[in-house]
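Predicted model, so just to flag it, every value in this text is computed and none were measured. Throughout, protein chains are lettered first and strands after them, A, B, ... in sequence-line order, and every chain is numbered starting at 1.
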2 protein chains.
Amino acid sequence: MPSRSPSRRQADNEHLRTRRDHASELAEDYVEAIAEIVERTGFCRVTDLAERFAVSHVSVNRAIARLKRDGFVEAHPYGPVHLTASGSRLALHSRDRHRIVLEFLRALGVSEKTAALDAEGLEHHVSSETLRKMKAFAVDRATEG
Amino acid sequence: MPSRSPSRRQADNEHLRTRRDHASELAEDYVEAIAEIVERTGFCRVTDLAERFAVSHVSVNRAIARLKRDGFVEAHPYGPVHLTASGSRLALHSRDRHRIVLEFLRALGVSEKTAALDAEGLEHHVSSETLRKMKAFAVDRATEG
DNA sequence: CAGGAGATGTAGCGTAAGCTACAAGTCTGT
DNA sequence: ACAGACTTGTAGCTTACGCTACATCTCCTG
Ligand SMILES: [Mn+2]
Ligand SMILES: [Mn+2]
Ligand SMILES: [Mn+2]
Ligand SMILES: [Mn+2]
């Protein structure tokens, strides 16, 4: 008789993939936010991030500690938060992807507010293959009618 | 001078929305899996779920405890897992949404394997508005060329 | 050059999810 | 009917990421 559950390579497990996406999500959102805040205001403080993410400053502190540990940011007590080279690269990558997903949703006809809300979660689960398709679609809709 | 950060309603915070999406994600995926396994094999055991999600049976046990607590499943020691009425409703809803997202990715031209991988994470961040657009797009591509 | 407001840090807590190791139940074939 | 294989349960650990309460620092303003 056939086995109840045919074996499949781990790499093909969708849930594993999703858990991995989530493991890198916080770092991606933080470096993206830090880059944006620095650009806009000159420097990024704990409070800015707390407001951005709608969490307490304590949660931000702990997140920053993890980002430091992972080499994405540099920060000293009572000082502003800076991106490392690695953090900057990740920020650029994340921002690009975020923009493409957002543009794509707009091109699909989703309202501005909904697009912004959905994109924040969606972006972390979009593979490079899907991202390419989204980009092509958005560009298509922009050039043609 | 203008405040460094213009105030915004909490409901508009994208990260808050994303965190809420994640809070309901496990329940959605579990009831969806339970419904599918019951349909296919007649009943759903702890082991089936452990394999499906690629986690240990311990993680499944704890997840089932939470699902019980939240009224989505009924289960007794050493017995199979059943969906409650509430759990069945959630399963149907989740399965519909999952299918639409998957169909949509296919219609976009994403490969079968990638579509399956991406859909598992994406589905939880798709608002009803975006889902409608995705459905329309998929249907469009199916009927026309 | 004090206050005091606001920002930051720390202690301690909670829940969700993951794990290994071990204990105990169930079920099947001989 | 029972041995062994498989399944399920439990104890105890870990990390991520939320929180409140309280302590401390910084920086502006009178
Ligand atoms: Mn995001
Ligand atoms: Mn997600
Ligand atoms: Mn699903
Ligand atoms: Mn899913």
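- If you find the closest nucleotide of DNA chain D to A:Ala23 and to B:Val46, the one lying nearer the 5' end belongs to B:Val46.
- As rounded to whole Å, 17 Å separates atom P of D:dA16 from atom CG of A:Asp29.
- Residue B:Val58 is classed as a base contact, given a heavy-atom separation below 4.0 Å to a base.
- Counting distance only, with no hydrogens placed and no angle test, the side-chain atoms of B:Arg62 and the base atoms of C:dG18 include a donor-acceptor pair under 3.5 Å.
- In this structure, CG of B:Asp70 is placed 12 Å from C1' of C:dT15, rounded to the nearest angstrom.
- With distances taken from any side-chain atom of A:Tyr78 to the nucleotides C:dT20, D:dC25, D:dA16, the minimum falls on D:dC25.
- Side-chain nitrogen and oxygen atoms of B:Asn61 include at least one within less than 4.0 Å of the OP1 or OP2 phosphate oxygen of D:dG9.
- Evaluation of A:His57 against the base of C:dT8 yields a stacking contact (centre distance < 5.5 Å, interplanar angle < 30°).
- Close to C:dC19, at under 4.0 Å from its OP1 or OP2, lies a side-chain N or O of B:Ser59.
- Classification of the A:His125-B:His125 ring pair by plane angle, with boundaries at 30° and 60°, yields parallel.
- Atom CZ of B:Arg45 is separated from atom C1' of D:dG9 by 16 Å (rounded to the nearest Å).
- Across all strands, B:Ser56 comes closer than 4.0 Å to base atoms (heavy-atom distances).
- The separation between B:Glu51 atom CD and D:dT7 atom P is 10 Å, rounded to whole Å.
- With rounding to whole Å, B:Leu16 atom CG is found 9 Å from D:dC19 atom P.
- What you find for A:Ser111 and B:Glu129 is that their closest heavy atoms are N-OE2, 2.7 Å.
- The separation between B:Glu25 atom CD and C:dG18 atom P is 10 Å, rounded to whole Å.
- B:Glu28 pairs with exactly one of B:His98, B:His93, B:Arg97 by the side-chain hydrogen bond (donor to acceptor under 3.5 Å, both in side chains) rule, that one being B:Arg97.
- Relative orientation of the A:His15 and B:Phe53 rings is perpendicular, given thresholds of 30° and 60° on the angle between their planes.
- Nucleotide D:dC17 holds its C1' atom 15 Å from the NE2 atom of B:His15, rounded to whole Å.
- For the pair A:Pro77 and A:Arg66, nearest-nucleotide mapping onto DNA chain D gives the more 5' position to A:Arg66.
- The existence of a salt bridge linking A:Glu103 and A:Arg106 is confirmed by a sub-4.0 Å separation between a basic side-chain nitrogen and an acidic carboxylate oxygen.
- The CG atom of A:Asp21 sits 16 Å away from the P atom of C:dA17 (whole-angstrom rounding).
- Mapped onto DNA chain C by nearest heavy atom, A:Gly79 and A:Arg19 fall at different nucleotides, with A:Gly79 at the one closer to the 5' end.
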